[in-house]
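In the text below, chain A, chain B and the rest are named by the order of the sequence lines, each starting its count at 1. The model shown is predicted, which means the values in this text are computed figures rather than measured ones.
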Amino acid sequence: MSDNGRVSPREQVLSVVARIPYGRVTGYGTIARMTEGTSARSVGSFMRQLPRGHGLPWHRVVRSDRTLADHGGNTHQRELLEGEGIRFDARGRIEPRFFWP
DNA sequence: GACTTGACCACGG
DNA sequence: ACCGTGGCCAAGT
C-alpha cells in the first residue's frame, strides 16, 4: 500500500488480474467494479504499461463485448486463451460461459 | 494545475 | 447489429 492504509488503484488492479482463474476471462469494466478509484478506461491504461512476461495473466482481460482489445502489435492473446481451452465463436467473440465471475 | 491520452463502456438512434 | 457520443479516471506533458 502506498498512502494511508488505502491500496493504490493499480495495485488493486494487479491483484485482481492475478486472481483470474486459469481458463476464464474477465472484462476491464468488471475489474473496475471490483476495485476502487478506477474506471474501465484507467484499468486499460494500467494494463498498457505492464512489462510483458512477468507472470501476470494479462491475456485473460478482454472487452465487455467479448472481443479482444487491439494492443497495437503482435500479441498472441488469442492463442494463449485457446491454449487454456477458451473457445471463440465464428464472429471472434469469446463464448459467455468463460467469463469470470 | 490545466490539458491530453488511452489494452474502455453504456446507451441512443 | 452497427456506429457516434459522452462519461469515466489515472498518468503523462
Cation-pi check, A/R87 to A/F98: give yes when NZ or CZ is under 6.0 Å from the six-membered ring centre and within 45° of the ring axis, no otherwise. no
Where do A/S45 and A/S42 land on the side chain to side chain donor-acceptor pair (under 3.5 Å) test, with the steps shown first? CA-CA 5 Å; A/S45 291; A/S42 57; over 6 Å; no
Comparing nearest nucleotides in DNA chain C, the 5'-proximal residue of the pair A/R93, A/P9 is A/R93
Minimal heavy-atom distance between A/G27 and A/V61, with the atoms involved, is C-CG1, 4.3 Å
Can you give one letter per nucleotide of nucleotides 1-13 of chain B, going 5' to 3': B for a protein heavy atom under 4.0 Å from the base, S for sugar-phosphate only, - for none? -----BBBSS---
Which residues pass the salt bridge (charged side-chain N to carboxylate O under 4.0 Å, His left out) test with A/R33, sequence neighbours left out? none
Once you apply a heavy-atom cut-off of 4.0 Å, does A/R91 come out as touching a base, just sugar-phosphate, or nothing? sugar-phosphate
Could you check how far CD1 of A/I31 sits from P of C/dC9, rounded to whole Å? 16 Å
Ion pair A/E84/A/R60, N-O distance below 4.0 Å: yes
Other residues, nucleotides, ligands: >12 heavy atoms within 6.0 Å of A/R63 CZ: yes
Find the distance A/R33:CZ to C/dC8:C1' and express it as a whole number of Å. 14 Å
